[in-house]
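Worksheet for the structure shown next.
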Amino acid sequence: MSSVPSRKIEWDLTPEAFEQLLFWLNPNREQAGRKYEEIRRKLIKIFTCRGCICPEELADETMNRVTRKVPEIIGNYVGDPSLYFCGVAHNVHLEYVRKKPNLLPPPAPDPPEETERDYECLEQCMERLTSKSRELVLEYYQAEKRAKIDRRKELASRLGIAVNALRIRAHRIRANLQECVFECTKRKQEDEMDGGFGS
Amino acid sequence: MTKNVENEISMKMYLLGELTESERQVLEERLMTSNECFGELSIAEDRLVDEYLMGRLSAREKDKFNDYFLCTPERRQKLRFSRSLHRYVLANAEKPQTLWSWPGFLPVLRFPQRVMEWSLAAALSVIVGGGSWSIITIQRLEHVLKQVQNQPAVLAKQSQDLQQQLAQLRARNDQLASELRLQKEQGEALEQAALKASPPPRSALSMVSFALAPGLVRDMEGGKKFTIPAGVNWVQLQLGLVGDDYERYQAVLQNAAGNEIWNQSTPKIKTPKDIPIVVLTLPAKLLPHGDYILKLSGIAAGGDPEDVARYTFRVKNKLQDALRDTHKLKLLWLAQR
């Protein structure tokens, strides 16, 4: 991938180096694995927020560079390892920007058939939710022209939770819904392609 | 302003690529070390997309959203999904219920609910304000009457007191003048230093809010007066509206000389009590001591702005106001002599 900064000296990630990285993150291997995934997910988000078109590749490049550095720093580094990743990510981003990567063209209007496919999938995914979650989504996101804040307070008190907890719950359901819709549209697209080839 | 609102603004700016490099680094370090902060960012992303779909972003924010935020296919996917979600919620949301409505046989008396609320609020304000003013006036007149009854004896003492007061005021005047001079010098020095220095850290994002009601009087004395504390970077103006006729508004801020110093196009929002207001956020440095007129136009469906209200206010400087009060007292004393 041309947009990802490449090192002058190629270096392959070895199992030993990876083990050492995990140990640095947490002596408990299972927790270290979770921490690794968490850091990678956060790096992807940061590169996305910095306007990079290939955030996953830049995050992996950052992980690799830190893995390579671990033997040097493991004895002396003090503090949260996440901050070290943050510093390395900054350098990776600078190199990325220097390469003047191509930007995505502005989004074209969605074709009506795709919009309808999205909507059908959303309806299916909403059906799969529990009635409580479905009602929560409807109540939480409606009321554009009504007292949205009052409504959310009322909903939170009815559920016996704080408004902030309600916000997080609504966000989680929305994220799951988005994932479900994404999978559904992908499946439908594949089915259409298979149907097209078959005919 | 609460920490939450500061965070929301900061994250929105981050998502639109509007933070400075140093501000961005500080936020990213928080994102890396705090799962709570990371979760807030995801929620802020959803909120930003919702604001975009509801047409609540300013023209500049909308441009940034299209050019910067939608830089990855995942973000575009999120927008498509949110569009479907909005459509679904709109199609399946329950119809609004009103607790009370005008009887059907009185169609002539049906006013828009918002107009009724504003009218009742205004009437109540007039009653409370008028009542308080009457009580204060009666007490003052009683006091004056007593003084007139004891005039001969009182006048001599009053003259003596006023002379003493004037002497004290002169001393205070001199002190304040020197303080003002010192403050000016320090301000200029700080301004120079700030110009040379790098942009301020994001932690300095502090804001004060003021509510403004549409002005019925045109002179500045009738407008709202407020003081912006030192160290505040942003001022939020919450503008009360008389009607609820437009979705978007255009605000133009002028100084006392009538020169335009700032403008913003923004959507109307609702308070927790469902009262429509327009909220403007502008840099505090645009509002030094002085008088201002804020003209608000509603943007009609055709896109043409229509004047709806004007708000007058005065930004006060504590030292200058104290000096002006001293001057007024001095004139009063001279008039009595």
Side-chain angles (χ1 to χ4, degrees), chain A residues 38-39 41-55 79-80 82-83 85-87 89-90 103-104 106-107 110 114-115 118-123 126 134 137-150 153 164 167-168 170-172 174-175 177-179 181-182 185, chain B residues 4 11 14-15 17 19 21 24-25 27-29 31-36 38-43 45-47 50 54 56 66-94 96 244 247 269-276:
Chain A
E38 179 193 307
I39 290 173
R41 200 174 63 246
K42 287 179 173 179
L43 287 173
I44 291 171
K45 179 71 84 183
I46 284 174
F47 283 118
T48 303
C49 290
R50 286 191 170 215
C52 306
I53 58 166
C54 50
D80 189 337
S82 305
L83 290 174
F85 282 87
C86 200
H90 179 66
L103 298 175
L104 283 184
D110 297 327
E114 283 185 19
T115 308
D118 285 358
Y119 192 72
E120 278 172 25
C121 281
L122 177 64
E123 281 182 317
M126 287 295 285
R134 198 165 44 245
V137 168
L138 281 174
E139 280 211 54
Y140 189 84
Y141 290 109
Q142 73 170 287
E144 154 62 357
K145 292 190 174 181
R146 296 169 62 195
K148 188 179 258 181
I149 296 171
D150 277 352
K153 274 184 191 165
N164 197 40
R167 211 157 56 100
I168 293 166
H171 171 70
R172 280 196 189 135
R174 181 176 175 154
L177 267 177
Q178 191 186 337
E179 186 63 35
V181 170
F182 178 70
T185 48
Chain B
N4 280 349
M11 285 194 175
Y14 177 61
L15 291 169
L19 289 185
E21 181 57 38
R24 188 166 67 177
Q25 275 187 31
L27 179 59
E28 286 176 350
E29 283 176 8
L31 289 172
M32 286 302 286
T33 52
S34 158
N35 287 338
E36 194 188 339
F38 188 73
E40 285 297 326
L41 182 71
S42 299
I43 295 174
E45 268 187 318
D46 284 348
R47 194 168 40 233
D50 290 343
M54 289 178 209
R56 285 183 177 172
N66 284 317
D67 299 341
Y68 188 87
F69 182 80
L70 293 179
C71 65
T72 62
E74 288 75 19
R75 287 251 175 96
R76 293 179 184 188
Q77 188 71 36
K78 189 184 267 291
L79 176 64
R80 271 175 62 169
F81 163 76
S82 301
R83 202 171 269 142
S84 296
L85 182 64
H86 276 239
R87 188 177 146 195
Y88 183 90
V89 170
L90 206 66
N92 293 279
E94 59 179 85
D244 190 9
E247 286 305 311
I269 61 166
K270 296 278 178 82
T271 66
K273 291 188 177 171
D274 207 24
I275 296 169

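Predicted, not measured: the structure shown is a model, and the values here were computed from it. Within every chain, numbering begins at 1; the chains are lettered A, B, ... in the order of the sequence lines, protein sequences first and strands thereafter.
- Interface remark: B:Leu15 contributes side-chain atoms only to the contact with chain A (heavy atom separation under 4.5 Å).
- Counting heavy-atom pairs under 4.5 Å between each of A:Ala170, A:Ala175, A:Cys86, A:Ala89 and chain B puts A:Cys86 at the top.
- For the side-chain hydrogen bond (donor to acceptor under 3.5 Å, both in side chains) test, no residue two or more places apart in sequence or in another chain qualifies with A:Glu123.
- Residues B:Ser42 and A:His171 have side chains in contact (heavy-atom distance under 4.5 Å, counting atoms from C-beta outward).
- The residues B:Asp46 and B:Lys78 are annotated as salt-bridged, a charged nitrogen and a carboxylate oxygen being separated by less than 4.0 angstrom.
- The shortest heavy-atom contact between B:Ser82 and B:Asp50 is CB-OD1, 4.5 Å.
- Interface remark: B:Ile269 contributes no atoms to any contact with chain A (heavy atom separation under 4.5 Å).
- Here CE of B:Met11 is found 9.0 Å from CZ of B:Arg47. Values are rounded to the nearest 0.5 Å.
- Chain B forms the most heavy-atom pairs under 4.5 Å with one residue out of A:His90, A:Lys45, A:Arg174, and that residue is A:Arg174.
- Contacts of A:Cys121 with chain B are absent, with no heavy-atom separation under 4.5 Å from either backbone or side chain.
- Of the possible polar contacts, one joining the B:Tyr68 side chain to the A:Cys49 backbone as a donor-acceptor pair under 3.5 Å is found.
- Neither the backbone nor the side chain of B:Asp67 comes within contact range of chain A; no heavy atoms are under 4.5 Å apart.
- Within the 4.5 angstrom heavy-atom criterion, only side-chain atoms of A:Leu122, from C-beta onward, approach chain B.
- Between B:Gln77 and A:Val181, the closest side-chain pair of non-hydrogen atoms is not below 4.5 Å.
- When heavy atoms are compared at a cutoff of 4.5 Å, A:Asp118 approaches chain B by way of both its backbone and its side chain.
- In this structure, the portions of B:Arg87 lying under 4.5 Å from any heavy atom of chain A include both its backbone and its side chain.
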- Message: Using the rule given for side-chain hydrogen bond (donor to acceptor under 3.5 Å, both in side chains), can you reason through B:Glu21 versus B:Gln25, listing the C-alpha separation, both sets of side-chain angles and the distance that settles it, and then say yes or no?
- Response: CA-CA 6 Å; B:Glu21 181 57 38; B:Gln25 275 187 31; 3.1 Å; yes

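- Contacts between B:Tyr88 and chain A at a heavy-atom distance below 4.5 Å involve backbone atoms as well as side-chain atoms.
- By the 4.5 Å heavy-atom criterion applied to side chains, B:Glu40 and A:Asn164 are counted as neighbours.
- Ranked by heavy-atom pairs under 4.5 Å with chain B, the list A:Arg41, A:Met126, A:Glu38, A:Arg50 is led by A:Arg50.
- In terms of heavy-atom pairs under 4.5 angstrom with chain A, the leader among B:Leu41, B:Asn35, B:Asn66 is B:Asn35.
- Counting heavy-atom pairs closer than 4.5 Å to chain B, the top-ranked of the candidates A:Thr48, A:Asp80, A:Thr185, A:Leu43 is A:Thr48.
- For the set B:Leu79, B:Leu70, B:Thr72, the count of heavy-atom pairs under 4.5 angstrom toward chain A peaks at B:Thr72.
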